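What follows is a single structure, written as structure tokens, with notes after it.
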Amino acid sequence: MFSTYKNPPNHAHSPRHFTSKDEMVEDISDRLLGSGLDDYPAHSCAGQSQAPAPLIRFLVIFLFLYISVLETINFIYSKSNPLASFKNTEEELPQRPDSNYIIPSSILTYQRRSEWSELQYPWTLPPGDSLDAIWGRLLSAQNIRVTEEEFKAFVPNATNGVQTLDGDYVGVIGIYHHLHCLDSIRRVIRWDYYGPRATEKAIEEGVYTKEHTDHCIDSIRQALMCHPNTAFYAAHWIMSEKGPKADLDSTSGAMHKCVKWESLDQWAKERAMSQSTARYRPSPFHGKHNGMHGA
């Protein structure tokens with residue numbers, strides 16, 4: 001019944017003959033309990049070569065250590081610089097040339113300073129002629145006139161643009177609109193003073209109405225959220241007359257790149273126009289009004 005024992009396939013050994021069943025069992029035990037895999041040559045596929053196992057283990061360990069080192073460096077850097085986790089997407093946004101809608105940046109000069117600090121004189125003066133004159137000078141370039149060449153550089157489509165009798169085009173720089181809105185809100189807040197002094201023209205144009213005030217508040221909100229001040233202002237405990245009080249610092253260690261107001265204001269004042277004395281070419285819509293509203 002048990003006459004022969006054949007070696008595993010693909011091994012070129014001659015069959016061995018046994019004289020008894022016990023001899024065959026002993027031979028099988030020797031083979032099964034022998035030197036393990038070393039007794040059986042590794043199988044390989046024809047035409048393929050395999051990398052030595054030590055090299056593969058080395059590459060896996062090296063890759064693991066490399067990734068671990070990179071992750072450790074990134075973790076340490078992010079902890080030491082919290083702002084490193086914020087992605088700068090400026091380069092991802094489409095860049096609009098200065099020639100479209102925006103005054104040339106070459107006219108502006110800049111300075112580094114904190115964006116806001118303590119209340120500044122004379123802007124803190126009480127309502128009156130002195131404060132109104134200061135705001136008047138600030139808004140003297142609210143309405144400006146530009147040449148046809150400048151206008152077409154700002155606004156590619158000049159159709160229906162408002163023109164003066166001599167051919168200049170009329171417009172407003174955004175910051176002056178926001179300042180006009182602040183001045184209007186300032187007057188509404190102190191209506192006890194400005195109400196009795198409001199001119200018929202201002203009332204007729206609706207400068208102090210709820211609708212105009214809502215427009216001003218929301219336009220300023222949008223502008224602030226478009227250009228947010230991201231500096232951190234710390235709160236500290238101070239001792240007030242009523243006891244300890246958490247107080248927000250009015251200054252921050254952060255320095256901002258701020259436009260020097262004079263560089264912008266000078267450019268605008270060179271083009272300022274008086275709304276009350278300006279005369280315009282007829283409207284293409286055959287309107288009867290011959291003036292501009294302050295917004």
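Here the structure is a predicted model, which is why all the values come from computation and not from measurement.
- Side-chain contact between H215 and H212 is present, with heavy atoms from C-beta onward closer than 4.5 Å.
- F151 and G161 get closest at one heavy-atom pair: CZ-CA, 4.3 Å.
- R190 contributes atom CZ, which lies 15.0 Å from atom CD1 of I185 (distance to the nearest 0.5 angstrom).
- Open room surrounds CD on E149; 12 or fewer heavy atoms of other groups in view lie less than 6.0 Å from it.
- Between atom SG of residue C258 and atom CZ of residue R113 there is a gap of 4.0 Å, rounded to the nearest 0.5 Å.
- Around the CG atom of D192, the shell of radius 6.0 Å holds more than 12 heavy atoms that belong to other residues, nucleotides or ligands.
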Derivation and outcome, side chain to side chain contact (heavy atoms under 4.5 Å, CB included), residues L139 and Q142: CA-CA 5 Å; L139 293 170; Q142 177 179 344; 4.3 Å; yes
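- Salt bridge annotation for R145-D166: present, with a cationic side-chain nitrogen under 4.0 angstrom from a carboxylate oxygen.
- In this structure, the separation between NZ on K210 and OG1 on T213 is 8.5 Å, given to the nearest 0.5 Å.
- Connection of I61 to I67 is not established within any shared hydrophobic cluster, with ILVMFWY side chains joined at heavy-atom distances below 4.5 Å, either directly or through further cluster members.
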Mind running side chain to side chain contact (heavy atoms under 4.5 Å, CB included) on Y169 and T147 for me, showing each step along the way? CA-CA 6 Å; Y169 285 81; T147 65; over 6 Å; no
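- Two residues are said to be in side-chain contact when any heavy atoms from C-beta on lie closer than 4.5 Å; V172 and I144 fail this criterion.
- A parallel orientation is assigned to the rings of Y66 and F62, their planes being inclined by less than 30° (bins at 30° and 60°).
- To the nearest 0.5 Å, atoms CD1 (I217) and CD (Q222) are separated by 12.5 Å.
- Two different hydrophobic clusters hold M255 and Y233 under the rule that ILVMFWY side chains link at heavy-atom gaps under 4.5 Å.
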Apply side chain to side chain contact (heavy atoms under 4.5 Å, CB included) to the pair D218 and R221, showing each step before the final yes or no. CA-CA 5 Å; D218 199 59; R221 175 195 64 80; 2.6 Å; yes
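- The side-chain heavy atoms of L264 and I173, taken from C-beta on, include a pair separated by under 4.5 Å.
- In this structure the side chain of S219 reaches within 4.5 angstrom of the side chain of C181, judged on heavy atoms.
- Using a 4.5 Å cut-off on side-chain heavy atoms (C-beta onward), H178 and L182 make no contact.
- When every heavy atom of T277 is checked against every heavy atom of R279, the shortest pair comes out as O-NH1, 3.4 Å.
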Going through the distances and angles, do Y194 and R186 end up as a side chain to side chain donor-acceptor pair (under 3.5 Å)? CA-CA 10 Å; Y194 289 104; R186 176 184 72 88; 2.7 Å; yes
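- Side chains of I203 and T209 form no contact here, defined as non-hydrogen atoms less than 4.5 Å apart.
- Summarising the geometry of T124 relative to L119, their closest heavy-atom pair is CG2-CB, 3.6 Å, with the distance given to 0.1 Å.
- Annotation: side chain of Q111 is not in contact with side chain of K257 (no heavy-atom distance under 4.5 Å).
- Nearest heavy-atom pair across F154 and I103 is CE2-CA, 3.7 Å.
- With W261 as the partner, the ring pair (Phe, Tyr, Trp, His ring centres under 6.0 Å) test is satisfied by one option alone out of Y176, W267, Y110: Y176.
- The minimum heavy-atom distance linking R281 with G167 is given by the pair NH2-CA, 3.4 Å.
- With contacts defined as side-chain heavy-atom distances shorter than 4.5 Å, the pair S140/K269 qualifies.
- Residue M273 comes nearest to A278 through the heavy atom pair CE-CB, 3.2 Å, listed as atom of the first residue, atom of the second, then distance.
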Quick one, L125 with I134, criterion side chain to side chain contact (heavy atoms under 4.5 Å, CB included). Give me CA distance, side-chain angles, the key distance, then yes/no. CA-CA 10 Å; L125 288 173; I134 294 171; 4.1 Å; yes
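- The distance from the OH atom of Y208 to the CZ atom of R187 is 4.5 Å, given to the nearest 0.5 Å.
- T109 contributes no side-chain N or O that, together with a main-chain N or O of K260, makes up a donor-acceptor pair within less than 3.5 Å.
- Between E115 atom CD and H227 atom NE2 the span is 11.0 Å, to the nearest 0.5 Å.
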